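Below is one structure; the comments refer to it alone.
Keep in mind that what you see is a predicted model, and the values were worked out from it rather than measured.
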Amino acid sequence: MKIVALITVHNEERMIPACLRHLEREGLNYFVINDRCTDGTMEYVKVHAGPGLIGTADMPFEYDHFNLSRTLEFKLAVARELDADWLLHLDADELRGSNRPHETLSQAITRIDAEGFNAINFQEFTFVPTHEDAEHHPSSFDRTMRWYYPFLPQPLHRLNAWKNEGKEIDLVSDGGHRVHFAGRKVYHQSLHLRHYLYISRDHFSAKYKNRIHIGPELEKNWHGWREKATDAMCYFPPQSTMRPFDPDVPWQLDASSPRTQHMLMDERPPTPI
């Protein structure tokens, strides 16, 4: 079973090493798409990526802003040329895995495929630095960041893994959150997605502060708070408002009572969960 993760990167040198290491451990191949990187992201990919790397591509440059629709369309164009049994749309700040003990993501998708399903949703668990532990290093954040909250603003929030059956795929209509195609049969349980929004104050500023998105995507509210992110919005919640995570048992994540909005400084202080 050949499972390929499609990753588009824009200045992700802090996150890409952990992302690729994780994909290798989970038994996935990956294809990296360069969207105007000006840092060391692509250099790292070309020098340090493991055997799971099956290719890279530079997305044609058009504008000096984020255009998610164009990014997703290019990603689908790449997908159509790949020899893959399953495909995943993911970002460099996401670590995905099974919801079962000691099962890799590759094993989980192979099992789900054998059961006759052709699409998989992922439950998001959001990780951010806490008031008690506010700064994390790119080389180790996936083990040192041990506090999270479940996040579910709408049903099937991350339905973006699909079986490659040669069908016409729509990944654009819902901004990459949900894949649509004829005969879609979604697996009845969500697998896990650990989303690391930012790992330090400096990372928050570099990642979000100067983002500019195109008008039509803002009208659809695809980017939410990211369009107007300021340093003041970088929030380190107290650990009492979050749930503990043990990186040695990554399948033990609690999805009950999920938040529908992210924790940001401009909202009321969150209550313990």
Side-chain angles (χ1 to χ4, degrees), residues 1-7 15 18-30 52 84-128 141-165 171 174 176-181 184-197 199 239 241-263 273:
M1 179 77 68
K2 187 174 184 178
I3 306 164
V4 179
L6 300 164
I7 314 165
M15 311 304 286
C19 177
L20 300 191
R21 288 196 307 269
H22 184 77
L23 290 171
E24 296 278 355
R25 289 194 299 267
E26 295 295 325
L28 270 62
N29 295 113
Y30 46 91
D85 298 299
W86 277 76
L87 296 152
L88 285 81
H89 158 57
L90 59 80
D91 295 324
D93 59 5
E94 300 172 0
L95 303 183
R96 304 199 189 201
S98 174
N99 60 341
R100 295 188 177 186
H102 307 294
E103 182 182 62
T104 66
L105 184 53
S106 175
Q107 292 168 339
I109 294 175
T110 300
R111 170 177 54 81
I112 291 167
D113 178 273
E115 294 179 22
F117 298 94
N118 59 11
I120 300 172
N121 183 64
F122 291 80
Q123 167 62 48
E124 179 175 337
F125 301 93
T126 302
F127 287 71
V128 293
F141 72 87
D142 52 332
R143 293 196 61 85
T144 62
M145 290 180 66
R146 298 190 172 204
W147 298 88
Y148 72 93
Y149 55 87
F151 181 64
L152 187 64
Q154 54 190 324
L156 298 179
H157 178 55
R158 292 299 191 96
L159 177 57
N160 43 30
W162 66 97
K163 186 173 182 177
N164 186 17
E165 300 174 313
L171 193 60
D174 284 330
H177 283 277
R178 282 170 296 278
V179 62
H180 299 276
F181 56 88
R184 189 184 71 181
K185 188 177 180 182
V186 182
Y187 182 57
H188 51 82
Q189 293 182 346
S190 296
L191 302 188
H192 289 172
L193 185 160
R194 287 148 53 195
H195 185 192
Y196 295 83
L197 276 184
I199 64 174
Q239 291 174 0
T241 66
M242 303 178 74
R243 297 175 185 173
F245 171 72
D246 184 346
D248 292 324
V249 285
W251 56 88
Q252 292 185 358
L253 289 160
D254 182 3
S256 64
S257 303
R259 292 179 58 88
T260 59
Q261 293 183 337
H262 284 301
M263 291 182 177
I273 60 176

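The minimum heavy-atom distance linking Ser98 with His192 is given by the pair O-ND1, 3.6 Å. In terms of heavy atoms, Pro258 sits closest to Ala255 at CD-O, 3.6 Å. Considering all non-hydrogen atoms of both residues, His102 and Trp251 come closest at CE1-CH2, 3.4 Å. Closest heavy-atom contact between Ile7 and Leu20: CD1-CD2, 4.0 Å. Of all the heavy atoms in Arg143 and Arg146, the pair that sits closest is O-NE, 2.9 Å. Nearest approach of Asp91 to Cys19, heavy atoms of both residues: O-SG, 4.3 Å.
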Practice task
Begin with the C-alpha distance, continue with both residues' side-chain angles, and end with the deciding distance and a verdict on side-chain contact (heavy atoms from CB on, under 4.5 Å) for Leu253 and Arg194.
Solution key: CA-CA 9 Å; Leu253 289 160; Arg194 287 148 53 195; 4.2 Å; yes
Can you list the steps and then say if Ile112 with Leu191 is a side-chain contact (heavy atoms from CB on, under 4.5 Å)? CA-CA 11 Å; Ile112 291 167; Leu191 302 188; 4.1 Å; yes
Full working for side-chain contact (heavy atoms from CB on, under 4.5 Å) between Asp174 and Gln154: CA-CA 12 Å; Asp174 284 330; Gln154 54 190 324; over 6 Å; no
From CA spacing to verdict: side-chain contact (heavy atoms from CB on, under 4.5 Å), Thr126, Arg259 = CA-CA 10 Å; Thr126 302; Arg259 292 179 58 88; over 6 Å; no
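In this structure, Gln189 CD and Asn99 CG are separated by 5.0 Å, a value rounded to the nearest 0.5 Å. Atom CZ of Arg25 and atom OG1 of Thr104 lie 12.0 Å apart (nearest 0.5 Å). To the nearest 0.5 Å, the span separating NE2 on His22 from CG on Leu90 amounts to 9.0 Å. Rounded to the nearest 0.5 Å, atoms OH (Tyr196) and CE (Met15) are 8.0 Å apart. How far CZ of Arg158 is from NE2 of His177: 5.5 Å, rounded to the nearest 0.5 Å. From Asn29, atom CG reaches atom CG of Leu88 across 11.0 Å, with rounding to the nearest 0.5 Å.
Between the Arg96 side chain and the Phe122 main chain, no donor and acceptor come within less than 3.5 Å of each other. Looking only at distances, a side-chain donor or acceptor of Asp85 sits under 3.5 Å from a matching main-chain atom of Lys2. Judged by distance alone, the side chain of Asn121 and the main-chain N or O of Ser190 form no donor-acceptor pair under 3.5 Å. Counting only distance, with no hydrogens or angles, the side chain of Tyr148 and the backbone of Asp254 share a donor-acceptor pair below 3.5 Å. Side chain of Glu26 to backbone of Gly97: no donor-acceptor contact under 3.5 angstrom is found. Put simply, the side chain of Asp246 gets close to the backbone of Asp248: a donor and an acceptor are under 3.5 Å apart. Between the side chain of Glu124 and the main chain of Phe151, no donor-acceptor pair closer than 3.5 Å is present.
Trp86 pairs in a side chain to side chain donor-acceptor pair (under 3.5 Å) with only one of the listed residues (Asn118, Asn164, Asp113), which is Asp113.
The ring of Trp162 has its center no closer than 6.0 angstrom to the ring center of His89.
With a 4.5 Å cut-off on side-chain heavy atoms, Ser106 and Met1 do not count as touching. Tyr30 has its side chain out of reach of Leu28: every pair of non-hydrogen atoms, C-beta onward, lies at least 4.5 Å apart.
Annotation: salt bridge (charged side-chain N to carboxylate O under 4.0 Å, His left out) contacts involving residues 97-109, sequence neighbours excluded, comprise Glu103-Arg111.
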